Structures are given as structure tokens and as C-alpha cells.
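Quick note: residue numbers are just sequence positions, from 1. Model, not experiment: these values are computed from the prediction.
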Amino acid sequence: MNKKPYYITTAIAYASKKPHIGNTYEIVFTDALARYKRMQGYDVFMLTGTDEHGLKIEELAKEEGISPQEHVDRVAGEIRNICDLMNTSYDGFIRTTDEQHKKVVQKIFKKLYDQGDIYKSSYEGLYCTPCESFWTASQLVDGKCPDCGREVKPANEEAYFLRLSKYQQWLEDYIEEHPDFIVPESRKKEMLNNFIKPGLQDLCVSRTTFSWSIPVTFDPKHVIYVWIDALSNYITAMGYDPDGSSELFEKYWPCDCHVIGKDIMRFHSIYWPILLHALGLEIPKQLFGHNWILFGEDKMSKSKGNVIYSDDVVEAFGVDGARYYLLSEMPLNSDGSITYESLIERYNSDLANTLGNLVNRSVAMTKKYFDGKIMPSAEAEDVDADLIAKALETPKLIAKYMDEYRMADTMDAVMNLARRANKYIDETAPWVLAKDESKSARLGTVLYNLLETIRFIGVSLEPFMPETSVKILDEIGAAQRDLASLENFGGLEAGREVGEPVPLFARIDAEKFMEEANAKMAAQIASAKAEEEAAEEIVLAPEIAIDDFAKVEIRVAKVVSCEKVKKSKKLLCLQLDDGMGGRQVVSGIAQYYEPEQLVGKKIQLIANLKPCKLCGVDSFGMICAADTPDGVKVVFVDDSIPVGSKIR
């Protein structure tokens, strides 16, 4: 029997910098949906990837002294590593620097130009580099970009435009006639009332002021602007080509669901359907716009220093601990929040106490009272009925919630079943039954009901906490692990043996953890502040003449030895061979380098700086370092340059 195809995507992540835990929410959310659809019997294709072109990336690469391709190769690798770290089951990972993608995007652009949907004109407006968006003065908020709140710059250039205005009425009618196209309802109303009905302006789809993008084949001084490039990934990844598409595309298109952040709903609900309609393609069945994961009440931002990264969370709470928190903390119609305090509380309360304790106790009692063998359900009592009803209700609730993208409610449904099972233990008191030999059959029934309920939990958790699901089902010796087996209570086979009771989640010492986390966060904030202050100093620095610069003596020196300054967490003491007899320099880079990383390296030394004393240690100079988005980086010198050489 052929399975029904189901195509689901994330938005592609912008390859500017390493994503934080808030960025990770979308891929985990989409993965849970994809895994659940597979359990329901669908032939699922899940796509994710990276958006790798644009002025912002070109500028970042220039700041780093590398090519844009080198920059996106590194960041795309980090993004993919995080997808893998979070145990996501994507079937395709597209990069917009893939050659096939670029070729098809060029064909799409040419096709739209040839049929008159793209035309050449000029643009005069205000441009936001981080958002890669043009704005009119009336669209600004307090003179800044309405999307991100950053500064905008005047821009005037020749450009190609997509005729959005031509399709306004069609789009408005389509959304009205397809009420489930944009969900939740609040997003649909926002798009219609705030952006579409007031009137669509034609969209700038090419640029001439930067080069890091896909060239327009018939006008090489233009590159294809972000949205035609980025949005087309959903079809190019599946083998779409205006000259003839692949079987993969024919099988899976139209997309069943694009999972996207609320901040890019406008592009997906306006530009994307018009682009597809102009190409003569079907429109995606649904757009789901999710909210953001905030740090406390603030949006996570590296400039604020309030960033939590996925690998840090996984190191502390495990992959499934991180997945559970993300999926359980995001309400449908409001932003979620993450703090280490709330992470610890939910981990200890839900995973260690409620779920972990339930499984551990039930398996341990089966081991203790029946040598690990699962007894049949032989002596039912009224108290069993409510537990069984709750178990049978839970898969139905999950199905309803998943259809409505209510992921947090789904997690609550599973955890509520675990809470009900714990209550059942208190109601039946197996340890009391075990003291009366005549109650052996009843004890076996109670433990069977507990283990079968745990099977329901284990199967239900597969899309959300896949590793934990396997551990639970292995521990209770469950053979039946599919959704269909949850239609009836009693799928666990009597006579099978349980495994060894192993704690699923070890409790976290909140006080100790927060002490370390607060210290790390304080360092991040201090680093962000230092970068900001350094940037301000650069902006405000007065111009100097060449004679002023000539007063600074910069020489090449080699690090002979290096050690931490005992009275400081920030300082390193370096012994240098400077070609002039050697000298000692103290530098505030201990949080960025271990001493052994510097030994043997050649650096740039400010040799005529007035001596000073730092934490009681004499310093005779300063080494050159750069403030970067990833922290302070020492400026190393090519090893072929002799020590003592003057830099000018």
C-alpha cells in the first residue's frame, strides 16, 4: 500500500552566525511534527537548510578577512551540526550556495522576466542591512526598521521588481477562500489587514551594490535579491525546474506545511504565493507562524549577552531534556521563555520526578516482586478504570493537539498521564499488596496496568523525545510500539521480562548549576559590553596624522612561555622574545585563550608603551588583539617574519 506523501519544511536559517537555543526551537518543533506524521503512516519528507547570500554576509566576511563562501561554509556547518545534535530527522538539507539551486533560481528569474512579471526600474528608499529589506519613510518606527528596530540607510539604485500589485486581488481572494492557509488565525488577520488590503507595492528583487548573491544571467551587474533566492529553496530542493521537474517534486508538491517564525510570515504569505502563482505552481497547503523563545522577557541577542546556545543546554540537560523544554514552553498564541531557572525546575519536576520516577519505581517493583516478569491483568478493581480511561484518552488528545500545532498542550497531555499513573501507585499501594500472599494476583494486575500505561507514554513520546521513548520501551520489554497499538489497553505481553531499572533523568543541583550559569552569563554580558564600548571608541576616535601613528612602535614578538596571573581570572602573563633581549607583558585574554594555545605563536607587540603594573605584575607593552562577534582574537603574525621586525 502506497503511503500518502507529506512535505514539511522549516524556514532556512540565515548563515550569519551560530544559532542560539531560540533559533533551534523551529527545527525541533518541525521534527516533532514530521516524526508524528511518520507514526501516522505518512511518507514524510522534511526539509531544512541555510540561506547564505546577501549584503550582511558579505560585510561579515569582510570583517573577518575571509571570503563569503568560507564564512557560510563555517556557519552552515555549525547550523547543520546543531540540527544533528538535537536529533532531528530531516530528509534534505539545502544550501542556497548549492550549484543546482543557483541555476534554477536564475531560470525562475528569467521566466518571470520573460512573461512580464519582473521588470527593470530604479529604487529609492531606506534599507535595513540585517533584515535585507527596503522601507519607505512612512513605514519606519521612530525612524528605524519596523522589523528589527535598527538603523536604516538611504539607498538609490537601479533594480528589477516583481509585480506584486498585479496579483493583490488574487492573493486577497485566495486567503479569504482558504481560511486554513495561514495559521493561527491572528497571523492571517495581521497579514490581510496590515499588509495586503492597504495595497501591495512591487518588490525589489535585484541589487547592484553588492556581489554576494546569484547573478542575473541577462544583466550581470545585478544579483538576485534575497527573497526570490531564499524562498525558492522549498521547490529547488525537491527538483523543481522550469524546464522540467523531478519525480520527487511531482510526488511531494504542494508543500503540506511551512513552519516559520512570526517575523517572516509577511514574506511567506505575500511574496511566496504570488511567486508560485506567477510560475503556474500550486500554493502550499498551510503556513504555520510560531512565536519566539525569549530569554526571560527579552529577545535573545548576542549584543545583549543574554544568549543560551543549544550545545550548552544539551550538555547540561541532555538532548531529550532540551527538546522537552522547547516543546513544552511555547504556548500557541504567545512567546515562550527560557531561563536556566525554569529549565532546571521543569527538568527536575517533570522529567526526573514525574516521568523518571514513575518508570523507575514500576520496573523496580516488577523486579522485586515478580523477578522481573510481567504478570497478566487478572483481578481488576474500580480504581483501575480511571487510569485505563486516561491512557486511552491521551493518544486522541495528542492527535487533536498535533493537528492544531498545540505542541505545549501535547506535552502536557503526556505528562498528565504520567502524573495519573503516579497517583495510581499511591491509590493501590503495591508495597502493601506485596505483604499479603493472597493479593499476588491483584499486585500483578496493578503492576501490569502501570507498565502498560508506561508503554502508552513511551510510544507517545517518540516524536518528541525519541531517545527517551526507546529507553522506556526497552526497559519495560514492550514489543508493540506503534500508534495503532494504543487503540486498546492491553498491548503489553504478559510473561515478558522488564530490563534493569535505570534512572532516566538525574536531578540537577539547582544552586550549584545556577552559580556556574550566572558566572558564564555575566562573562557573556561583560564581553558584549566590552565589544560595544570598543565599537563606540572606534566610531568616536579622532583622526590622527601619519606622524601620530609613527609614534607607536609595533614589533613582531614570539611567545616563549605563558601562565595565568594568580590573582586574576582575566589576565595572562606572557614572556616574549622581541629580538631586543625579551620582555614580560600582561594581557587580559585569559577567558579567550589557554596559556598553551599561545606558546610558540608570533604576535604583534606595542613595544614603546609606558610600563604598568596589573594585579601586582609588571607589564612592559601590549599585544594586539581584535574584538570579534565570537570574542577577543589575538592578531597572530606569519611565522616566516623574524622576531623584532617592525610593523608599519
Side-chain angles (χ1 to χ4, degrees), residues 9 11-15 47 49-58 72 94-121 123 125 127-128 131-134 155 157-168 171 200-243 245 249 253 255 258 260 264-284 287:
T9 77
I12 50 176
Y14 196 49
L47 178 72
T50 43
D51 174 9
E52 301 184 11
H53 291 124
L55 176 60
K56 184 177 180 180
I57 284 174
E58 188 173 86
V72 296
I94 185 170
R95 298 180 57 185
T96 57
T97 52
D98 292 342
E99 286 303 317
Q100 181 61 24
H101 171 79
K102 291 192 288 187
K103 289 176 183 177
V104 175
V105 167
Q106 288 176 323
K107 288 183 181 182
I108 289 171
F109 195 96
K110 182 68 162 57
K111 176 180 172 67
L112 294 173
Y113 176 76
D114 288 344
Q115 65 191 38
D117 285 311
I118 285 178
Y119 64 93
K120 191 175 186 178
S121 185
Y123 193 93
Y127 185 67
C128 174
C131 293
E132 306 211 26
S133 296
F134 282 106
E157 63 180 286
E158 180 184 271
Y160 286 90
F161 291 81
L162 177 65
R163 296 186 192 274
L164 296 184
S165 55
K166 172 183 173 181
Y167 295 102
Q168 174 170 337
L171 180 62
L200 295 179
Q201 296 182 344
D202 291 349
L203 176 68
C204 175
V205 291
S206 80
R207 299 295 305 277
T208 59
T209 53
F210 63 89
S211 60
W212 181 243
S213 194
I214 302 171
V216 175
T217 52
F218 54 89
D219 197 345
K221 73 176 181 179
H222 286 261
V223 294
I224 298 171
Y225 188 45
V226 59
W227 292 111
I228 285 185
D229 171 17
L231 289 166
S232 296
N233 90 88
Y234 303 125
I235 52 178
T236 64
M238 306 305 285
Y240 169 76
D241 191 312
D243 297 332
S245 300
F249 179 77
W253 193 261
C255 181
H258 291 312
I260 54 176
I264 56 172
M265 177 59 81
R266 177 163 54 92
F267 312 115
H268 285 75
S269 63
I270 299 175
Y271 307 165
W272 185 222
I274 287 177
L275 181 62
L276 290 167
H277 186 61
L279 290 170
L281 298 175
E282 290 184 74
I283 311 306
L287 307 175

Of all the heavy-atom pairs spanning [X] and [Y], show the shortest one and how long it is.
| X | Y | value |
| --- | --- | --- |
| Ile264 | Ala11 | CD1-CB, 3.6 Å |
| Asp117 | Ala278 | OD2-CB, 3.7 Å |
| Tyr14 | Asp51 | CD1-O, 3.2 Å |
| Glu52 | Thr96 | N-OG1, 2.8 Å |
| Val223 | Phe210 | CG2-O, 3.6 Å |
| Tyr240 | Val104 | O-CG1, 3.3 Å |

Could you give the distance from [atom1] ([X]) to [atom2] ([Y]), rounded to the nearest 0.5 Å?
| X | Y | atom1 | atom2 | value |
| --- | --- | --- | --- | --- |
| Ile118 | Leu112 | CD1 | CG | 4.5 Å |
| Arg95 | Lys102 | CZ | NZ | 10.0 Å |
| Glu158 | Thr209 | CD | OG1 | 12.0 Å |
| Arg266 | Ile260 | CZ | CD1 | 11.5 Å |
| His53 | Asp229 | NE2 | CG | 5.5 Å |
| Ser269 | Leu171 | OG | CG | 7.0 Å |

Hey, are Gln106 and Thr217 close enough side-chain-wise for a donor-acceptor pair under 3.5 Å? no
Taking the six-membered ring for Trp, are Phe161 and Tyr119 parallel (under 30°), tilted (30 to 60°) or perpendicular (over 60°)?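 The arrangement is parallel - the two ring planes meet at less than 30°.
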So, the side chain of [X] versus the backbone of [Y]: is there a donor-acceptor pair under 3.5 Å, distance only?
| X | Y | result |
| --- | --- | --- |
| Asn233 | Ala230 | yes |
| Asp241 | Asp243 | yes |
| Asp202 | Ser165 | yes |
| Trp253 | Glu282 | yes |
| His101 | Ser232 | no |

The single option from Leu164, Ile274, Ile228 that satisfies side-chain contact (heavy atoms from CB on, under 4.5 Å) with Leu203 is Leu164
Lys166, NZ atom: more than 12 neighbouring heavy atoms under 6.0 Å: yes
His222 ring center near Phe109 ring center (under 6.0 Å):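 When the ring centroids of His222 and Phe109 are compared, they turn out to be at least 6.0 Å apart.
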